[in-house]
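Along the sequence shown, residues are numbered consecutively beginning with 1.
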Amino acid sequence: MRVLGIETSCDETGVAIYDSEQGLLSHQLYSQVDLHARYGGVVPELASRDHVRVLLPLISQALQQANCKSSDIDGIAYTSGPGLMGALLVGACLGRSLAFTWQKPAIGVHHMEGHLLAVMLEQNKPDFPFVALLVSGGHSMLVHVHGLGNYQILGESIDDAAGEAFDKTAKLLGLGYPGGAALAKLAEKGNADRFNFPRPLINRPTLDFSFSGLKTAVRNTLMQVPGTDQDKADIAASFQKAVVDTLVIKSQRALQQTGCHNLVVAGGVGANQSLRDTLQSYATQHQGNVYFPRTEFCTDNGAMIAYVGCQRLMAGKRADLHIKVTPRCSLAEID
């Protein structure tokens, strides 16, 4: 089966074509970072309009890259939530319209399920079951993945997600938007042991995450130091180490509780090199396995939507003619 995937949940427009036998045939991505940077964050109305502007050209480019015509497509998958209402509607409306016009089946895909299974696009991929650490700008969670559609949430954010904490801390340091990658780069010049920031909730049995207090600790520290370039680099390094330590400790506990030996890291923060190196070192020491999607598939993309859509369509799932998106929906709600 050959599926066209459409991702428009927030500020990136992703289109891809996935074939169940040949794998990923094409992958197109357009980022709105420059559009929103002047506002210091995503403006939903502007995001929706930009998806409208670029989505059809991206689909044409994806078809051309895959050397496909519309008649070669067997199904269409689109992100149905969570995300920004207007942005989701752009992808869902076009996906449903193309499916109706081309007389193909369509399916809505949960955005977080796409991230969970993005690693399946790689040659080196895990067998089920595995534990997934999903860390992005809007979510931090540990999930026991038993199989397609069979997910047990072990822990999740109770306030700021890890990626959100990165961006907010970067803003405190004057690094602009988006700040996560800029903070990680600045941290390379800093001393990660200078400031002992808290590792939230690691002394409690819960697998939930909380990073709002860590962000407050950074703000308080900034008020107590001169604020030189080196001060900021040391704060960035110490902050990053606190986040990475927290994520690693929680992942270790999740693996121990479930008895799994395979860990998958997904979401935008999964591209952080410090996190990757630390988890890889832990896996090597404990004879476990850790799997990462390539960095371009850690952030939002159409390839993960095309893959999940293909699996669900092959399993007989179909969306009806009603266009339904759910800006807020838990991974636990997936059937």
Side-chain angles (χ1 to χ4, degrees), residues 3-18 24-66 68 70 73 75-102 104 106-115 118 136-139 163-164 167 177-178 180-181 267-268 296-310 319 321-329:
V3 175
L4 171 69
I6 299 172
E7 156 60 23
T8 61
S9 64
C10 190
D11 61 342
E12 289 170 314
T13 313
V15 176
I17 297 174
Y18 180 84
L24 188 64
L25 301 182
S26 66
H27 165 54
Q28 298 289 325
L29 185 67
Y30 173 80
S31 174
Q32 300 177 2
V33 166
D34 293 339
L35 174 66
H36 300 290
R38 72 190 72 173
Y39 304 105
V42 177
V43 180
E45 177 64 21
L46 295 181
S48 301
R49 293 182 182 185
D50 220 36
H51 286 310
V52 171
R53 182 178 67 85
V54 305
L55 189 51
L56 275 175
L58 282 181
I59 291 175
S60 297
Q61 292 171 26
L63 288 168
Q64 184 177 11
Q65 184 183 17
C68 289
S70 59
I73 301 298
I76 296 176
Y78 54 87
T79 303
S80 59
L84 302 174
M85 172 65 87
L88 290 169
L89 281 171
V90 173
C93 288
L94 182 57
R96 283 297 323 161
S97 297
L98 290 177
F100 183 81
T101 303
W102 296 348
K104 308 292 184 181
I107 189 74
V109 173
H110 195 288
H111 180 73
M112 306 314 294
E113 184 176 27
H115 278 303
S136 66
H139 302 82
E164 185 179 5
D167 287 339
Y177 171 87
E296 63 186 306
F297 293 157
C298 287
T299 54
D300 296 348
N301 63 87
M304 65 184 189
I305 303 302
Y307 172 81
V308 174
C310 184
L321 291 177
H322 293 88
I323 297 174
K324 180 182 179 182
V325 296
T326 48
R328 299 179 67 87
C329 55

ring-ring contact (aromatic ring centres under 6.0 Å, His included) partners for His111, two or more places apart: His115

What residues, two or more places apart in sequence or in another chain, satisfy ring-ring contact (aromatic ring centres under 6.0 Å, His included) together with His27? Phe297

Give me the one residue out of Leu25, Val3, Ile59, Leu24 that meets side-chain contact (heavy atoms from CB on, under 4.5 Å) with Ile17. Leu25

Report the residue from Val308, Val109, Leu88 that forms a side-chain contact (heavy atoms from CB on, under 4.5 Å) with Thr79. Leu88

Tell me the side-chain hydrogen bond (donor to acceptor under 3.5 Å, both in side chains) pairs involving residues 82-102, sequence neighbours left out? none

To the nearest 0.5 Å, what is the distance between [atom1] ([X]) and [atom2] ([Y])?
X: Glu7; Y: Thr299; atom1: CD; atom2: OG1; result: 9.5 Å
X: Ser60; Y: Leu55; atom1: OG; atom2: CG; result: 9.5 Å
X: Leu89; Y: His51; atom1: CG; atom2: NE2; result: 11.0 Å
X: Leu58; Y: Thr13; atom1: CG; atom2: OG1; result: 6.0 Å
X: Leu29; Y: Gln61; atom1: CG; atom2: CD; result: 11.5 Å

Please check this pair: side chain of Ser136 against backbone of Gly267, looking for a donor-acceptor N/O pair closer than 3.5 Å. no

Under 3.5 Å, side chain of Gln28 to main-chain N/O of Tyr30, donor-acceptor pair present? no

Apply side-chain contact (heavy atoms from CB on, under 4.5 Å) to [X] and list each qualifying residue two or more places apart in sequence or on a separate chain.
X: Cys10; answer: Val42, Leu84, Asp300
X: Thr326; answer: Lys324, Cys329
X: Ala92; answer: Tyr78, Ile323, Val325
X: Leu35; answer: Gln32, Leu46, Asp50

side-chain hydrogen bond (donor to acceptor under 3.5 Å, both in side chains) partners for His110, two or more places apart: none

Please name all residues satisfying side-chain hydrogen bond (donor to acceptor under 3.5 Å, both in side chains) with Gln64, sequence neighbours left out, ordered by chain then number. none

What is the minimum heavy-atom distance between [X] and [Y], and which atoms define it?
X: Ala16; Y: Gly302; value: CB-C, 3.5 Å
X: Gly108; Y: Ser80; value: C-OG, 3.7 Å
X: Ser9; Y: Pro82; value: CB-O, 3.7 Å
X: Lys104; Y: Ser70; value: CE-O, 4.1 Å
X: Ala62; Y: Ser26; value: O-OG, 3.0 Å

Would you call Pro178 and Val33 a side-chain contact if the rule is heavy atoms closer than 4.5 Å? yes

If a pair satisfies salt bridge (Lys or Arg N to Asp or Glu O under 4.0 Å) and one of its residues is in residues 28-46, list it, with sequence neighbours excluded. Glu45-Arg49

Residues at least two apart in sequence or cross-chain that pass salt bridge (charged side-chain N to carboxylate O under 4.0 Å, His left out) with Glu12, listed by chain then number, are none

